[in-house]
Amino acid sequence: MWRPWAFAPPAAGCPMPLIEAQGLGVRRGSHDILRGVNFRIAGGEIVTVLGPNGSGKSTLIRALIGLEPGSSGAVTRKPGLRIGYVPQRLHVDAALPMTVRRFLSLPRPVSDAVAAEALGRTGVAGLERRQVSALSGGQLQRVLLARALLSAPEILILDEPTQGLDQPGEAAFYKLLEEVRAETGAAVLMVSHDLHVVMRASDRVICLNGHVCCEGTPEIVSAAPEYRALFGMGTGGALALYRHMHDHDHVHDGCDHDHDHHHHEGADA
Amino acid sequence: MPDAFLIHAALAGVGLMLAAGPLGAFVVWRRMAYMGDATAHAALLGVALALLSDLPVALGTALVALAVASLVTVLSSRDRAADTILGVLAHSALAIGLVAISFAPQVRSDLSAFLFGDILTVSLADLAWIWGGAAIVLGLLAWRWNALLTATVNEELAQAAGLDPRRERFVLTVALALVVAVAIKIVGALLISAMLIVPAAAARSFARTPEGMALIAVLIGCASVLAGLWGSFTYDTPAGPSIVTAAAALFAFSLAKGRRAR
């Protein structure tokens, strides 16, 4: 098995991790969603978790936050860790009236000035009086990021933050994230299933499919056979998945799928 | 000067709505309508058990309502598509309650009072219980307000902010059981959820913030209580159903207003 991360410098030199998972497994019913996941993220890092649909990316995020109990292994968070979380999709029920201004004060009240500054920082100044349920996808993502920044987080956690954005919107959002990291020093942990933009914006990429298939810098991961087995040869998007599903030579050099390759049928279900 | 029984009735209804308005808003936001039904119907079982074991009716109602509401909370948090289970529970609770109550002969003759309420016979002791219960519910909701709201918008957001969504669910469960125990005397087991849902739903068209919606739900609820009592007194109709009818009329009016605003 080819494990590029095994050659990484020893952990002794690394700062104390903000969040660390050791041998994490999550089981739902009789189905293993995650198995033996080792993960750590240190201050100031941008780490992206990549994987096809159903690979357990969101479950991993939920487990790291503490929302999903692990069935094995352990998750440790730095005591008192301030997490700024941007959920995959925020659906504010139409029955719940909620202005952007009010939303920013959840759960902790903030002053008008602080709210206005956060909205300005993420490029959506002046939206205070709009209803959250009436925002466009891009506006909502930026409002969510503004809210996440209010707690002065040590780590920002974003679950598929650019879903529903067009390509320029996506690129602009990642640029904004890099700026935020540079200004605040917050670590960034993102989940994604798109390949190109994310790869460029990340320090480290983790390729997930129920377990960690491969891990390392974007360059290392994009060259790894495990990554190619999961995502095809780098064409990205639908074509890559199509190839993956019809490419029958995937004995997966090192990527031991002992769950009967169910993910192929389930990949776009 | 209206008669004392009418003043008692109005005070009872207003007291109930002080708690049922904000709680009803959460029931609407979190789509807990069936949970309200199951809890309210279980209250009937509580009445039966209390009468059979010589406990105070209010206590028995509150305890059984709390037990069923907790059960429903656990079931619905485990499986998000628990709609069917909740439906089964809500209606079985009603049926079991009716069967159980048939073993308490002193109630049999007075069954409709527990099904549809008996607001016109509210005593001063009842009033104290209603306002006390409402005050506890209101205090509970005010204390947890921001946390409840955050968990309602998105549980992951709440968790990441260091809150425990399960605890907030439990707060709502306790509040729901208390409101049911308070409301059974006023509108009866069958119409309790109506007093939770209808004023809150009517308030939606007029509100821009959650707090606004809770406040307007209280006002609409109080208006329904007064209008329903007036109708009941004038046309000699049953009081509980008249109150809910008035609330439904206000809801219809709010829909028209909501459409115009859009």
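Each chain gets a letter, A, B and so on, in the order its sequence line appears, and its residues count up from 1. All values below come from the heavy atoms of this structure, side chains included, with hydrogens, waters and symmetry mates left out.
Atom CZ of Arg27(A) has more than 12 heavy atoms from other residues, nucleotides or ligands within 6.0 Å.
How far CG of Asp93(A) is from CZ of Arg204(B): 9.0 Å, rounded to the nearest 0.5 Å.
At a 4.5 Å heavy-atom cutoff, the contact between Ala94(A) and chain B is made by backbone atoms alone. Of the atoms belonging to Arg166(B), not a single heavy atom falls under 4.5 Å from chain A. At a 4.5 Å heavy-atom cutoff, the contact between Arg208(B) and chain A is made by backbone and side-chain atoms alike.
Counting heavy-atom pairs closer than 4.5 Å to chain B, the top residue among Val86(A), Leu90(A), Val92(A), Asp159(A) is Leu90(A).
A search for ring pair (Phe, Tyr, Trp, His ring centres under 6.0 Å) contacts involving Trp145(B) returns Phe26(B), not counting sequence neighbours. Scored by the side chain to side chain donor-acceptor pair (under 3.5 Å) test, Thr173(B) finds Thr73(B) as partners (sequence neighbours excluded).
Near-neighbour residues of residues 156-164 of chain B relative to chain A, defined by a heavy atom under 4.5 Å from a heavy atom of that chain, comprise Glu156(B), Leu157(B), Gln159(B), Ala160(B), Ala161(B), Leu163(B). At a heavy-atom separation below 4.5 angstrom, chain B is approached by Leu96(A), Pro97(A), Met98(A), Thr99(A), Arg102(A), Phe103(A), Ser105(A), Leu106(A), Pro107(A), Arg108(A), Pro109(A) within residues 96-119 of chain A.
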